[in-house]
Amino acid sequence: MNLIVCVKQVIDPEAPPASFKIDPATNKATVQGAAPVIDPYGEYAVEASLKIKEAKGGKVTAVCLGTALQREVVKKPLSMGADDLVLLEDEAYVNGDTWSTASALAAAIKKIGAYDIILTGREASDTNAGQVGPAIAEILGIPCATIVKKIEILDGKARVERMVADGYEVIEIPLPCVLTITNELGEPRYPTIKGIMMAKRKEPIVWKPADLGVDAAKLGASGSRAKMAKLFQPVKEGKCEIIGGDTPEEAAAKLAMRLREAKVL
Amino acid sequence: MADNMGVLVFCEVTNGKLAGSAAEGLGIGKQLAASLGQELNAVLIGSGVNANADMVASLGAAKVYVADDPILKDYQTDPYIQVLQKVAAEMKPAILILGQSSVGRDLAPRIAFRLGSSATLDCIELAIDPAGKKLLMTKPVYGGNARAIFTSVTMPQVVTIRTKAMTPAQPDPSKKGQVIKVDAGLTPDSVKAKLVNKVAQQAEGVRLEDAAVVVCGGRGIGGAEGFKQLDELAKLLKGATGASRPPCDNGWLPQTQQIGLTGKIVAPELYIAIALSGSSQHMSGCSGSKTIVAINKDPEANIFREARFGVVGDWKKILPAFTAKVKELLAA
Ligand SMILES: Cc1cc2nc3c(=O)[nH]c(=O)nc-3n(C[C@H](O)[C@H](O)[C@H](O)COP(=O)(O)OP(=O)(O)OC[C@H]3O[C@@H](n4cnc5c(N)ncnc54)[C@H](O)[C@@H]3O)c2cc1C
Ligand SMILES: Nc1ncnc2c1ncn2[C@@H]1O[C@H](COP(=O)(O)O)[C@@H](O)[C@H]1O
């Protein structure tokens, strides 16, 4: 099995909301006091690819597009057990939309050559788009299943479970295909000491637009079909009435009475 | 690009009935069509969905495209794309609206890219820019910490709308639409990713999406046992029990009870948040609630920035006393 997994470097989505700021000059978001991380659903996708590799054998290649990629962050898939890491690191790749991002990733996937399953997260924690996986499928002309929580490889196809509102669906999808992965898959594994040592030694492969043979006009901002006109933080009123008491039990009773008074109960 | 005109709403049908997103899509679709001075149309896809066409017309669609075929009985990505492609080729809409459901999430990006365009998912506001007549699409990003307004360079402008974010259209039975049959030339080969089974995992009692009261627990509840106490309060208030992501990940309650950005979106009258921190991703699923009440031992927890009423303390002490007092008040 040739497995390709797409992971992204993002600002920490678990940082307290109060530390989240937007720089109006650059329209970029930051969190104070937290280092960047691998996008969490991308990490579930890495876990999914490693599970397939364990069951069927093969090779896992991680691909990451961005700039200022911190090696200790983007090497996490390697320390978890991936075999190779390809970085699309160049100014030309960034500030695009899901389409131009997917176009570059698809070009890299074609250059890698052999692929049976391409895995992405169900949505990145910054864009909350859920589109890069489906876009890769459209570009490569292969089928795609989204929000997948379980994968079983059969002969020439995969049997996957896809989360829906009231349960899950079982889908059989021919290979090669794209799968977008959800947290119901189960927690990603921790890197092992051996994995960390291997990742330290492994040099990522870096591909510039010229290496992919793609036209710069198709990348980043100039290749985008959607434009972000504005990025802003919604205003919060935040006027919580804290109800106290001499004991927790008293506070609880007072809360119930206050809700009755406010006609909430 | 200048050829594209009008608004097309994909009206999802579940178990023979129109999904809530259909009326919501037609509600906002009507406004957008009016600002553009263009037509509002709809598309129904499924098996036996012909029966829903009059209802869709009464909700304001001038033309109702209907693809009624046994192959379309359950949602499968590939044939649904094929049908929408066909309808889009006939109508050339400027705007295509779907709901942010399991179906819309899967279908919207695929059809948008197939048509050479882009999609913006989970929109909470849609408006026409008076200057360029472009659609302004507002969606939460960074897990709800921020919002972004997008425009599309390409046509059609494809969106999904967040559940309960738009005012639904009201039916007017005197309104009749033109029903147009769609033959997309489907064959069994149209299906690439094939649905082989559906497994329901519904919790008993009131459905989370319909509940007027939601009692929601977080990681701090500590286990399945603790959730029984939340169930007791929910039952008393004729509501439903939900959870943030960690309790679902840990199997303390079904995965279908997760509330948030990647779970269910609820907007009850009363939302009681217990031992959860109020992460932006969680709040994305419940910030539309009328009154939020928080119980948390950490006075700095973000949930106290979101709630209307709160008690700081250990839920194990607070919840039983609160439930007892509620019982007493309701009996009086
Ligand atoms: C892209 C993305 C999508 C996500 N989607 C969702 C989603 O849909 N829904 C969702 O919920 N999360 C989602 N998450 C995860 C989210 O970021 C948080 O990790 C999660 O919401 C935290 O859950 P929690 O508040 O229960 O846990 P924690 O943040 O650990 O909070 C537990 C709280 O319990 C309190 N507590 C502990 N013990 C007690 C006690 N005895 N009495 C009173 N209080 C106590 C603590 O003070 C703390 O505030 C998503 C994350 C990402 C990156
Ligand atoms: N810049 C990127 N580099 C690598 N993978 C990405 C990138 N952007 C998105 N992805 C993948 O696509 C998934 C969905 O992203 P999105 O469509 O932006 O929500 C992520 O979880 C990643 O797996």
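All heavy atoms count here, side chains included; hydrogens, waters and symmetry mates do not.
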Chain B contact via A:Glu161 - side chain, backbone, both or neither, heavy atoms under 4.5 Å
neither

With a 4.5 Å heavy-atom cut-off (strictly below), which parts of residues 9-17 of chain A touch chain B? List them by number.
A:Ile11, A:Pro13, A:Pro17

Just wondering, more than 12 heavy atoms not from A:Lys227 lying within 6.0 Å of its NZ?
yes

Where on B:Gln157 is there a heavy atom nearer than 4.5 Å to chain A: the side chain, the backbone, both, or neither?
neither

Go through the atoms of A:Tyr168 and report whether side chain, backbone, both or neither lie under 4.5 Å from a heavy atom of chain B.
both

Considering all heavy atoms of both residues, which atom of A:Ala45 and which atom of A:Gly121 are nearest to each other, and what is their separation?
CB-N, 4.0 Å

Check: B:Ser117 and B:Ser152 side chains under 4.5 Å, non-hydrogen atoms
yes

So which residue, B:Met283, B:Arg114, B:Glu300, B:Met137, ends up with the most heavy-atom pairs under 4.5 Å with chain A?
B:Arg114

Just give me the residue among A:Met163, A:Lys239, A:Glu123, A:Glu138 that pairs up with chain B most often, heavy atom to heavy atom, under 4.5 Å.
A:Glu138

NZ of A:Lys21: more than 12 outside heavy atoms within 6.0 angstrom?
yes

Would the number of heavy atoms belonging to other residues, nucleotides or ligands and lying under 6.0 Å from CG of A:Asp246 be above 12?
no

Report which part of B:Thr291 has an atom under 4.5 Å of a heavy atom belonging to chain A: side chain, backbone, both, or neither.
side chain

Atom of A:Thr127, atom of B:Val141 and distance for their closest heavy-atom approach
O-CG1, 3.6 Å

Please classify the contact of B:Glu209 with chain A as side chain, backbone, both or neither, using a heavy-atom distance under 4.5 Å.
side chain

For the side chain of A:Ser100 and the backbone of A:Gly220, is there at least one donor-acceptor N/O pair under 3.5 Å apart?
yes

Chain A heavy atoms under 4.5 Å from B:Ala294: which part of the residue, side chain, backbone, both or neither?
neither

Check each atom of B:Asp106 against the heavy atoms of chain A and say whether the ones under 4.5 Å are side chain, backbone, both or neither.
both

Considering all heavy atoms of both residues, which atom of B:Val158 and which atom of B:Ala108 are nearest to each other, and what is their separation?
CG1-O, 3.9 Å

Write out, in numerical order, the residues from residues 171-188 of chain A with a heavy atom short of 4.5 Å from a heavy atom in chain B.
A:Ile171, A:Glu172, A:Ile173, A:Pro174, A:Asn183, A:Glu184, A:Glu187

Part of B:Glu306 lying under 4.5 Å from any heavy atom of chain A:
side chain

Less than 4.0 angstrom from a charged side-chain N to a carboxylate O is my criterion; do B:Lys297 and B:Asp314 meet it?
no

Top contributor to chain B contacts, counting heavy-atom pairs under 4.5 Å, from A:Val170, A:Ile243, A:Asn27, A:Ile139:
A:Val170

I'd like to verify something: which residue of B:Ser287, B:Gly144, B:Ala321 has the highest number of heavy-atom pairs under 4.5 Å with chain A?
B:Ala321

Between A:Gly167, A:Gly245, A:Pro143, A:Pro248, which shows the greatest number of heavy-atom pairs under 4.5 Å with chain B?
A:Gly167

Got A:Glu43 and A:Val37 here, is their nearest side-chain heavy-atom distance under 4.5 Å?
no

Just so I know, are the side chains of B:Tyr142 and A:Val31 near enough to count as touching, which here means a heavy-atom distance under 4.5 Å?
no

Heavy atoms only, distances under 4.5 angstrom: which of A:Ala129, A:Ala251, A:Ala165 has the most pairs with chain B? Name it, please.
A:Ala165

Contact class of B:Val213 relative to chain A, heavy atoms under 4.5 angstrom:
neither

Got B:Asn296 and B:Leu276 here, is their nearest side-chain heavy-atom distance under 4.5 Å?
no

Under a 3.5 Å distance rule, please check whether A:Asp97 uses its side chain to pair with a backbone N or O of A:Arg225 as donor and acceptor.
yes

By a 4.5 Å heavy-atom criterion (distance strictly below it), what part of B:Leu319 contacts chain A: side chain, backbone, both, or neither?
neither

Nearest heavy-atom contact between B:Cys123 and B:Lys139 is CA-CB, 4.2 Å

Are any non-hydrogen side-chain atoms of B:Tyr271 and B:Ile259 less than 4.5 angstrom apart?
yes

Side chain, backbone, both or neither of B:Pro254 within contact of chain A (heavy atoms, under 4.5 Å):
neither

Rounded distance [0.5 Å steps], CD in A:Gln131 versus OG1 in A:Thr120:
11.5 Å

Return a table of donor-acceptor pairs under 3.5 angstrom between the side chains of residues 253-265 of chain A and protein atoms on other chains or two or more places apart.
residue: A:Lys254; atom: NZ; partner: A:Gly244; partner atom: O; Å: 3.1
residue: A:Arg258; atom: NE; partner: A:Glu241; partner atom: OE2; Å: 2.6
residue: A:Arg258; atom: NH1; partner: A:Glu261; partner atom: OE2; Å: 3.3
residue: A:Arg258; atom: NH2; partner: A:Glu241; partner atom: OE1; Å: 3.2
residue: A:Arg260; atom: NE; partner: A:Leu265; partner atom: O; Å: 3.2

With chain A as the partner, which of B:Thr151, B:Leu121, B:Ile318 has the greatest number of non-hydrogen pairs under 4.5 Å?
B:Thr151

Ranking B:Lys198, B:Arg308, B:Lys192, B:Arg305 by heavy-atom pairs under 4.5 Å to chain A gives rank one to B:Arg308

Against chain A, label B:Leu136 side chain, backbone, both or neither, depending on which of its atoms sit under 4.5 Å from a heavy atom there.
neither

Which bit of B:Gln258 comes within less than 4.5 Å of chain A, counting heavy atoms only: side chain, backbone, both or neither?
side chain

B:Gly143 versus B:Ser284, closest heavy-atom pair with distance
O-OG, 3.3 Å

B:Tyr80 and B:Tyr75 aromatic ring geometry - parallel, tilted or perpendicular at 30°/60° bounds
perpendicular

I need the residue from A:Arg159, A:Met228, A:Glu250 with the largest number of non-hydrogen atom pairs under 4.5 Å to chain B.
A:Met228

Could you check if a side-chain atom of B:Val103 sits within less than 4.5 angstrom of a side-chain atom of B:Leu98, using non-hydrogen atoms only?
no

When the 4.5 angstrom heavy-atom criterion is applied to B:Asp122 and chain A, the contacting part is neither

Would you indicate whether A:Lys218, at its atom NZ, is surrounded by more than 12 heavy atoms from other residues, nucleotides or ligands within a distance under 6.0 Å?
no

Provide the closest heavy-atom pair for B:Arg110 versus A:Cys144 in the form atom of the first, atom of the second, distance.
NH1-CB, 3.3 Å

Do A:Asp166 and B:Lys264 meet the salt-bridge criterion of a basic N to acidic O distance under 4.0 Å?
yes

Could you tell me if the side chain of A:Thr30 sits less than 4.5 Å from the side chain of A:Asp23, heavy atoms only?
no

Name the region of B:Lys290, side chain, backbone, both or neither, that has any atom closer than 4.5 Å to a heavy atom of chain A.
neither

Just so I understand: if I count every heavy-atom pair under 4.5 Å between each of B:Ala307, B:Ala301, B:Gly263 and chain A, which residue has the most?
B:Ala307

Under a 4.5 Å heavy-atom cut-off, does chain A meet the side chain of B:Thr323, its backbone, both or neither?
neither

Sort out for me which of B:Leu261, B:Leu237, B:Thr120, B:Thr77 touches chain A most, counting heavy-atom pairs under 4.5 Å.
B:Leu261

So do the side chains of A:Arg189 and A:Lys51 get within less than 4.5 Å of each other, counting heavy atoms only?
yes

Only heavy atoms, only distances under 4.5 angstrom. Which residues in residues 146-158 of chain A are near chain B?
A:Thr146, A:Ile147, A:Lys149

What's the separation between atom CZ in B:Phe309 and atom CG in B:Leu270, rounded to the nearest 0.5 Å?
10.0 Å

